[in-house]
Amino acid sequence: MDTLLSQLNQAQAEAAQHIDGALLILAGAGSGKTKTITTRLAYLIKVVGIPPQCTLTLTFTNKAANEMRTRALQLLGAEIPHPPLLCTFHRFGLLFLREHIHHLGRKHDFILLDSDDQKRVIKKLDSSFAYFSPAQILGYISSCKNKLIPPDQARKQAKSEHFLDLSKAYQAYQAFLEDNNMLDFDDLLLKSYEILASNTEIATMMSERYQYIMVDEYQDTNFLQVSLLQKLCTTHSNLCVVGDDDQSIYSWRGADISHILHFAQTFGAKTITLAQNYRSKEPILRAANALIAHNTSRLGKELHSTRGQGDEIVLLSNDDEVAEANTIASHITTLLAQGIAPTQIAILFRLNALSRSIEEGLNRAKIPYKLIGATRFYERAEIKDVLAYFRVVLNLNDDFSLSRIINVPKRSLGKIAQEKIFSTAQSHKLSVYKAYKQRLLESTLSHTQNKQLRALFDTIELLQAKLQESALGFLDAFDESFALRLQTSADDIDRRANIEEFYGYFRDFFMQNPHQGLDDLLYELSLSSSSDVEVGESVSCMSVHSSKGLEFDYVFIIGCEEGFFPLLREEGDLQEERRLGYVAITRAREKLFVSHAHSRFYKGKRESLAPSRFIKEARIHFCEDSFAKVDSRDDSSGVDSRGAKVDSSGSFSKGCAVSHKIFGLGVVQEVRRQGGQEYLRINFGGNIRLILADFVQRV
DNA sequence: TGAGCAGCGTGCACT
DNA sequence: ACGCTGCTCA
């Protein structure tokens, strides 16, 4: 038990031992944030005796959630009957809605739309919105939802024709989703919030269930997420948030840095700052601190290195993007020759458009690289086709999914035929399948088209029967009927490989979760499609945004020129650009390379460019590159420790007096047995708490 | 013979 | 992702 806190430094240990009331852990880059949160979780469960299922830890990515879960379970040691709930905001919303969405008068088997599906919905809508791009409309809708603005209110608030049209699109979009029992990602949180806001009993119930709530990356929360958290804290204020105001880089998708800046006042929270950095050598931290000091809207902290001196930052000046790519490629070649693992090297850029030139340079130098954050696996067209088939198998009346696959593989059902099919069904207020069953479509289609459509529905009916028997049998039958036919040309080998990889995932899922259904797999996949970075065997190339949370021994930041980094546009926020610079710099452990070009070809013309002001602000100077003599690591270990071994004793009953290591004396109000565990509701001098019986003693 | 489908070539990418 | 052109079926 002593080992729990002995791994932490003083500030970390203080944060980990905080129990009641709101807490802000201001955790700088590389300051052991995950270690601190997971230790706090383990402390609450193992030392304080909070039942694990009474805790809730929310993250933004699955990757973060998985990492925390692994580390928390490691600290918790022995298997616990109810593991703590540790998941993304969106998964939490999904779990909640699958249980409670009937309060909004909706069915629990809703379809979850990813961004690609959203685009298809927009395109299906009335063409009077064609003036806007789907991305514009979806951005507007998302920003409304994140501000809790419903369509009708958006319409009333619209200050110009422009926004009036957008609000109409929002209204039409939302109506379409409701008619088809669909939710988008924002809805997972918005609908959850609506249920909690309009139903005090449920809010109270949820709040009592989750006594201790932790939130990771709090600087990236939007208004909707904060509102949801407030509802979950209806009956208590045990909200512990972790974040770094200097790493708030998602304002473009609704994140609002003011939430973390004002958290202490709003929630009456205590603040603990983690400024000890365990990641980067000193020159790297010096640059990061110098750069971010130019920002004014920040809570303020300075990172201290524990890793000692290292190589100075290397500034690379190049004539143009081709020269830049060649310079970087040759530096990487040298590093690889020194035996540095390619996985420990990353190239970061502010703008995805800059990746092209660097890729060409790496290709010329024959350096294997992986472009991270490009098209994610489950967003690939062929995988989405397979998933659309699965949705149709689950629900033959799902016309949205049917429209995706009705002509994949080609069935001679082109644009015109599809228009006929869908509009005929619609005019009878039937799904396409029902219209087909009632023979309403036959007359409008050709003989071959009818044959094709019949074959499609026959096969899907057959697959439904297979699915009743077993998931694995279903998969084989599916592959036989459709997927093999996707293998038409030599180009499709990659796609076929992707599908095979997906099958592997599918089989694995049902081996491990034999009690789950196909619908559970689909939900799982929808959630995993958003921003989970996998670093492979090669050099990583990615945007600064996707690099957040990652670390590499050697980091190259390219395109450090005025206009590119900081990226300056109409509504550019220079402070956020600077935070992006800060994130980029603090990814490096051993050595950082900063590169700029004097000219760059962009959007059809060559532009002359000045070096980024950030180079000067970070006090990065030209310096002769001396190649690394890699220091051995000097990990410092924490100081503070406090043990708390707790004995269990006897059985408890209502009214008996007990003592707890931390909360002192109390009186048992209720004894509850559940799943082999004994829970006590104890009154500690007016504070009622639910504690596992093993953690208190009779007095 | 024409309507509609599929395939090909060219533009263009926001985090 | 768009338009253009040859191909197929009624």
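The chains referred to below are lettered A, B, ... by the order of the sequence lines, with proteins before strands, and numbering in each begins at 1. Quick caveat: nothing in here was measured; it's all calculated off a predicted structure.
- When the P atom of B:dC14 is taken as reference, atom CG of A:Leu351 falls 9 Å away, rounded to whole Å.
- Between the CD atom of A:Gln136 and the C1' atom of B:dC14 there is a distance of 13 Å, rounded to whole Å.
- Stacking of A:Arg253 on the aromatic ring of A:Tyr250 is recorded, both the 6.0 Å distance cut-off and the 45° axial limit being met.
- Across all strands, A:Ala135 comes closer than 4.0 Å to no nucleic acid atom at all (heavy-atom distances).
- Position along DNA chain B of the nearest nucleotide to A:His545 versus A:Leu413 favours A:Leu413 as the more 5'-ward residue.
- Across all strands shown, A:Gln449 has heavy atoms under 4.0 Å from sugar-phosphate atoms exclusively, and none from any base.
- Stacking is not found between A:Trp252 and the pyrimidine-like six-membered ring of the B:dC14 base under the 5.5 Å centre-distance and 30° plane-angle cut-offs.
- Taking atom CG on A:Leu354 and atom P on B:dA13, their separation rounds to 14 Å, with Å as the unit.
- Between A:Tyr140 and A:Phe163, the ring planes lie tilted relative to each other; the angle falls in the 30° to 60° range.
- Atom-to-atom, CG of A:Asn450 to P of C:dA10 comes out at 11 Å; the value is rounded to the nearest Å.
- Between the side chain of A:Glu577 and the backbone N or O of A:Leu567, at least one donor-acceptor pair lies under 3.5 Å.
- Two residues, A:Lys420 and A:Ser543, neighbour DNA chain B, and the one matched to the more 5' nucleotide by heavy-atom proximity is A:Lys420.
- Residue A:Arg350 has its side chain nearest to B:dT15 when only C:dA10, B:dT15, B:dA6 are considered.
- Look at A:Asn352 and you won't find any side-chain N or O under 4.0 angstrom from OP1 or OP2 of B:dC14.
- Straight-line distance from the CZ atom of A:Arg579 to the C1' atom of B:dT15: 14 Å, rounded to whole Å.
- Going from atom CD1 of A:Ile416 over to atom C1' of B:dC5 covers 10 Å, rounded to whole Å.
- Ring-centre distance between A:Phe565 and A:His596: not below the 6.0 Å cut-off.
- Look at NZ on A:Lys123: it is 11 Å from C1' on C:dC2, rounded to the nearest Å.
- Of the candidate nucleotides B:dG4, C:dA10, B:dC5, C:dA10 has the atom nearest to the side chain of A:His447.
- Following rounding to the nearest Å, A:Lys415 (NZ) and C:dG3 (C1') show an atom-to-atom distance of 12 Å.
- For the pair A:Arg589 and A:Phe552, the NZ or CZ position fails the cation-pi test of under 6.0 Å to the six-membered ring centre and within 45 degrees of the ring normal.
- Which of B:dA13, B:dA6, B:dC5 sits closest to the side chain of A:Ala417 comes down to B:dC5.
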